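In this text, all values refer to a predicted model and were calculated from it rather than measured experimentally. Order of listing sets the numbers, starting from 1, for every ligand and every atom in it.
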Amino acid sequence: MNKPVRKAVFPAAGLGTRFLPATKVIPKEMLALVDKPIIQYGVEEAIASGIEDIIFVTGRGKGAMEDHFDRSPELDAMLERRGKQELLAVSRGVAAMARILSVRQQEPLGLGHAVLCAKDLVGDEPFAVILPDDVIDAQPPCLKQMIGVFEEKGGSVLATMTIEGPGISAYGVLAGSQDRDNPRIYNCTGMVEKPKLEEAPSTQAIIGRYVLTPRVFELLEQTKPGAGGEIQLTDGVKALLKEEKVFGYTFEGKRYDAGDKFGMLQATVEFALKRPEFGEKFRAYLKELAP
Ligand code: UTP
């Protein structure tokens, strides 16, 4: 019987160079998608999936992320004085949302290294990894779906999405066979980083959600720097595959790469269209632009 998945690690120490100049001073995780910083979407997903502890792996200049989930006494007092009860509830709600712990990654030595920085805070139990730039619109939440697979199958789970065509070459791609009973589940046998289309072992691109067993920490400790001189999470997971079962899972829902300018624009438009307060007005505006 597996221990439950109670903790989620958010690697957020990267430099966000794809979003320069916006990310020169502001952490990319704090860029607003409609009216919430992108990190908040990931935290809300984690909580809605039953996660109790949120672990941020941060770096220099990322303090705004922790402040965002802390109480803001001056702001709250001002909103109270002005009788802005709804906004006060929003501000307090964010601060009460979750138990946030954080650890610093002193140098951005890679995603695998960032996850390894959370080893002591996670301890000897399975855990989730959420890459905050991957914002996922899904019901039930993507991580909740994955935890269901972890509990059923008893092995680590990597979220994947199906990409037919050359777009697959931008991702790590899963090798493996489809489960007989559930075509969304793959028995993973390997992973290939950014393959050419003709060399891709499947149509399953690995995205920024993982449920991992704690053994991966020991394996990451032994992992040598790989592509780009960085310690890659995929190399740790490949080592895990030699010892334990690992599954791919084609999640139900839609993923946006909000760490990329175009992906952020797509997410902004689609999330704005879904907002009851101004979705219809926004749709009419878009029609006016492109009749
Ligand atoms: P990315 O490569 O997408 O993020 O890493 P980046 O390096 O911040 O962005 P670009 O490519 O320069 O625009 C995926 C995730 O891993 C984290 C990043 O913060 C991001 O959430 N990461 C990456 C770390 O925490 N530490 C690292 O050393 C590398």
Side-chain angles (χ1 to χ4, degrees), residues 7-33 36-46 54-66 68-69 100-122 127-136 142-143 158-161 167 169-172 191 193-194 205-212 216-217 220-221 223-237 255-267:
K7 299 181 180 180
V9 176
F10 286 68
L15 299 176
T17 54
R18 281 174 297 155
F19 230 119
L20 280 169
T23 47
K24 199 172 164 205
V25 178
I26 298 169
K28 108 177 132 178
E29 296 76 13
M30 289 304 294
L31 297 178
L33 170 49
K36 280 191 269 189
I38 63 173
I39 184 89
Q40 191 175 329
Y41 289 88
V43 169
E44 287 176 356
E45 177 186 331
I54 303 289
I55 301 171
F56 289 160
V57 181
T58 67
R60 281 173 58 75
K62 298 273 183 169
M65 273 170 48
E66 286 154 279
H68 179 72
F69 291 98
I100 308 270
L101 311 165
S102 76
V103 59
R104 298 270 282 219
Q105 184 190 25
Q106 291 189 330
E107 266 184 275
L109 296 176
L111 178 57
H113 180 261
V115 170
L116 187 52
C117 290
K119 180 178 182 231
D120 291 344
L121 289 177
V122 172
F127 64 103
V129 175
I130 292 191
L131 302 194
D133 337 359
D134 275 3
V135 175
I136 298 182
C142 178
L143 183 60
L158 318 177
T160 65
M161 62 182 194
S169 302
Y171 295 85
M191 278 164 280
E193 205 45 48
K194 300 190 171 68
I206 299 166
I207 58 113
R209 297 286 185 278
Y210 306 77
V211 175
L212 299 170
V216 79
F217 288 125
L220 281 169
E221 275 170 337
T223 302
K224 302 250 166 359
E230 296 192 335
I231 296 177
Q232 303 289 349
L233 182 59
T234 41
D235 289 340
V237 177
R255 168 255 189 195
Y256 301 85
D257 182 1
D260 167 79
K261 291 174 191 175
F262 190 72
M264 179 64 132
L265 284 171
Q266 289 174 309

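Residues forming a salt bridge (Lys or Arg N to Asp or Glu O under 4.0 Å) with Glu221 (at least two apart in sequence, or on another chain): Lys119. Take Glu193 and apply the salt bridge (Lys or Arg N to Asp or Glu O under 4.0 Å) test, not counting sequence neighbours, and it matches no residue. Listed by chain and residue number, nothing satisfies the salt bridge (Lys or Arg N to Asp or Glu O under 4.0 Å) test with Lys261 (two or more places apart in sequence, or in another chain).
In summary, the aromatic rings of Phe127 and Phe217 are positioned with their centroids under 6.0 Å apart.
A distance limit of 4.0 angstrom between heavy atoms and ligand 1 selects the residues Pro11, Ala12, Ala13, Gly14, Leu15, Gly16, Thr17, Arg18, Lys28, Glu29, Gln105, Pro108, Leu109, Gly110, Leu111, Ala114, Pro132, Asp133.
Looking at Arg209 and Asp134, no side-chain N of the basic residue comes within less than 4.0 Å of a carboxylate O on the acidic one, giving no salt bridge.
Interatomic distance, CZ of Arg18 versus CE of Met264, reported as 11.5 Å (0.5 Å rounding).
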